[in-house]
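Inspection log for the structure reproduced underneath, given as structure tokens.
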Amino acid sequence: MKKPIFIYFLIVTLDSISFGLIAPIVAPLLTQAHIFFSTFSSQFFSYLFYGLLLSSFHLSFMMGAPLFGILSDHFGRKKILLTCLYLTLIAFSFYIVAFIQNSIFFLVIARVLSGLSAGSQSVAQAAIVKHSKQYNKPTVISFIAVGMTMGLVVGPLLSSLWSVSMLWLPFVIVLLLTTLNIFMLTIFLNEEKISRKEDIAESNYKNILKNNEVRRLLVIFFFFELGWSLFYQALPLWINLQWHIKNPKLGLVQSYVGIILVMSLCFAAKIALKFISPNRLIATGFIVGVIALISLYFQTEFSVFLLTVLPIVLTVAFVYPRLVSSLSDISSDKQQGLIMGMTNALLALSFSITGLFSSILTFFNISLPFIVAAIFWITANIIYIKSYRKLRLCNSVLT
């Protein structure tokens with residue numbers, strides 16, 4: 001039981017490494033006369049290309065998640081996960097070629113392929129939930145979120161190894177990790193039997209989308225992810241412009257954010273639940289996070305920024321597992337894969353949108369993305385509080 005979960009956990013982590021590795025490398029290059037950006041006639045188009053580069057990963061991820069999810073229903077999880085890992089090998093080979101040859105074309109292709117292969121996350125996450133029925137859902141989802149966050153720790157750490165003299169080093173390490181994952185998946189994981197009786201009927205898709213509570217939670221989740229993704233993707237460029245920090249220190253700063261998030265998911269959220277109800281925890285977390293985001297607009301001290309990250313990250317640790325577990329509770333067992341796919345699709349869509357607009361907003365004002373992120377979280381909190389009040393009113397009438 002534990003062995004499959006560990007292998008799936010590694011797959012989720014590896015997919016998020018693909019995302020966390022690139023931004024700390026490319027962000028400093030945006031302010032330098034580098035071949036990737038010097039080909040553009042204006043600074044605005046350089047920023048626009050940087051945003052497109054970030055969003056391309058998530059656009060392809062948004063397409064890959066449902067595609068590989070459907071394929072895994074027909075051909076088995078193991079075969080599809082192996083296919084995704086082979087795509088990861090190809091993608092990071094293109095990364096190596098892109099930086100050695102200074103090729104925009106290979107860089108974009110690598111980004112798209114790595115995003116497409118990250119579609120395996122939905123398959124792995126659904127498998128983790130299935131193999132972990134003995135645990136409660138928020139704990140399982142927190143475990144998945146830790147895997148996703150570990151990639152945001154390891155990715156920036158690997159990016160700190162990047163230098164002009166060793167362009168290939170971070171990408172070769174990922175290639176080795178992918179090869180190890182392929183070996184473990186091939187040797188230690190048996191293919192699950194596919195029962196056509198367990199196929200999700202079309203009516204299940206329609207019924208779940210007709211549920212008002214599901215739709216409301218999905219809207220809240222989308223605005224929540226818009227705020228988090230805008231903050232996270234604007235961070236490397238903001239740090240570089242604000243304090244002129246480059247690699248390897250920039251990669252270490254982003255790893256710091258990831259480490260704090262892992263610790264918050266593992267410990268802080270569970271401790272907080274002993275003193276406050278889940279619903280109040282989400283509402284309070286949003287308020288604290290909004291205040292912290294707005295305060296970044298006025299900050300000039302690096303040490304103060306490191307402290308301000310804490311409440312923002314805590315908000316993510318409090319909100320993400322509770323929203324996803326609430327969606328999971330509403331859905332039937334045969335709809336769990338669908339729910340995971342929908343949340344991953346919304347996550348990918350939000351990151352693709354903010355990947356583009358984070359750089360454009362930064363072009364006009366380097367701290368503007370954080371104000372917009374705060375607006376997204378305010379919107380999510382307003383919808384959540386109204387929904388919570390309606391649910392509490394209904395419960396009081398029923399009792």
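What you see is a predicted model, and the numbers here were worked out from it, not measured in a lab.
More than 12 non-hydrogen atoms from other residues, nucleotides or ligands lie less than 6.0 angstrom from CZ of Phe302. Within 6.0 Å of CE in Met263 there are 12 or fewer heavy atoms belonging to other residues, nucleotides or ligands. Within 6.0 Å of CZ on Phe222 lie more than 12 heavy atoms contributed by other residues, nucleotides or ligands.
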Practice task
Starting from the C-alpha separation in whole Å, work towards a yes-or-no answer on side chain to side chain contact (heavy atoms under 4.5 Å, CB included) for Phe305 and Trp243.
Solution key: CA-CA 11 Å; Phe305 154 73; Trp243 294 293; 3.7 Å; yes
Handout entry: Verdict with supporting geometry, Phe223 and Ile378, side chain to side chain contact (heavy atoms under 4.5 Å, CB included)
Key = CA-CA 9 Å; Phe223 278 105; Ile378 290 171; over 6 Å; no
Handout entry: Criterion side-chain hydrogen bond (donor to acceptor under 3.5 Å, both in side chains) on Trp238 and Ser367, from CA distance to verdict
Key = CA-CA 7 Å; Trp238 179 72; Ser367 300; 3.1 Å; yes
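Phe94 is not listed as a side-chain neighbour of Leu107, based on a closest heavy-atom distance of 4.5 Å or more. Under the 4.5 Å side-chain criterion, counting only non-hydrogen atoms from C-beta, Ser350 is in contact with Ser229. Within the 4.5 Å cutoff, the side chain of Leu175 has no heavy atoms near those of the Phe171 side chain. For the pair Asn365/Ile371, no side-chain contact is recorded, criterion being any heavy-atom separation below 4.5 Å from C-beta on. In this structure, Leu265 and Tyr320 have side chains that are not in contact, with every pair of non-hydrogen atoms separated by 4.5 Å or more. The side-chain heavy atoms of Leu261 and Val257, taken from C-beta on, include no pair separated by under 4.5 Å. Contact of the Phe357 side chain with the Val372 side chain is not registered, since no non-hydrogen atoms from C-beta on lie closer than 4.5 Å. Tyr8 is listed as a side-chain neighbour of Leu81, based on a closest heavy-atom distance under 4.5 Å.
Thr88 pairs with exactly one of Ser117, Ser93, Ser114, Ser120 by the side chain to side chain donor-acceptor pair (under 3.5 Å) rule, that one being Ser117. Residue Ile17 is tested with Thr178, Ile173, Leu158 for a side chain to side chain contact (heavy atoms under 4.5 Å, CB included); the sole match is Leu158.
The CG atom of Asn240 lies 11.0 Å from the CG atom of Leu235; values are rounded to the nearest 0.5 Å. The CG atom of Leu21 sits 11.0 Å away from the OG atom of Ser16 when rounded to the nearest 0.5 Å. For the atom pair NZ of Lys78 and CD1 of Ile80, the computed distance is 13.0 Å after rounding to the nearest 0.5 Å. Annotation: the span from Leu310 atom CG to Ser264 atom OG amounts to 7.5 Å, rounded to 0.5 Å. Taking CE of Met150 as the start and OG1 of Thr13 as the end, the distance is 6.5 Å to the nearest 0.5 Å. Interatomic distance, Ser326 OG to Leu217 CG, rounded to the nearest 0.5 Å: 6.0 Å.
Smallest separation of non-hydrogen atoms from Ser352 and His58: N-CB, 3.5 Å. Closest approach of Trp228 to Val316, counting heavy atoms only: CE3-CG2, 3.4 Å. Across all non-hydrogen atoms, the minimal contact from Phe68 to Leu116 is CE1-O, 3.1 Å. Heavy-atom minimum distance, Leu349 versus Met62: CB-SD, 3.5 Å. Looking at every heavy atom in both residues, Ser295 comes nearest to Thr308 through OG-CG2, 3.3 Å. Considering all non-hydrogen atoms of both residues, Tyr384 and Ile282 come closest at OH-CD1, 3.5 Å.
One N or O on the side chain of Ser60 and one on the backbone of Val112 form a donor-acceptor pair closer than 3.5 Å. Side chain of Ser55 to main chain of Gly355: no donor-acceptor pair is present (N/O by atom type, distance under 3.5 Å, no hydrogens or angles). Thr315 places a side-chain N or O within donor-acceptor distance of the main-chain N or O of Gly285, the cut-off being under 3.5 Å.
Between Tyr297 and Phe370, the ring centre distance reaches or exceeds 6.0 Å.
Sorted by first and then second residue, the side-chain hydrogen bond (donor to acceptor under 3.5 Å, both in side chains) pairs involving residues 370-383 (not counting sequence neighbours) form an empty list.
A cation-pi arrangement is absent between Lys249 and Tyr256, since the terminal nitrogen or guanidinium carbon is not both under 6.0 Å from the aromatic centre and inside a 45° cone about the axis.
In this structure, a donor-acceptor pair under 3.5 Å is present between the side chains of Gln233 and Thr354.
The other residues sharing a hydrophobic cluster with Ile291 are Ile287, where clustering joins ILVMFWY side chains under 4.5 Å apart.
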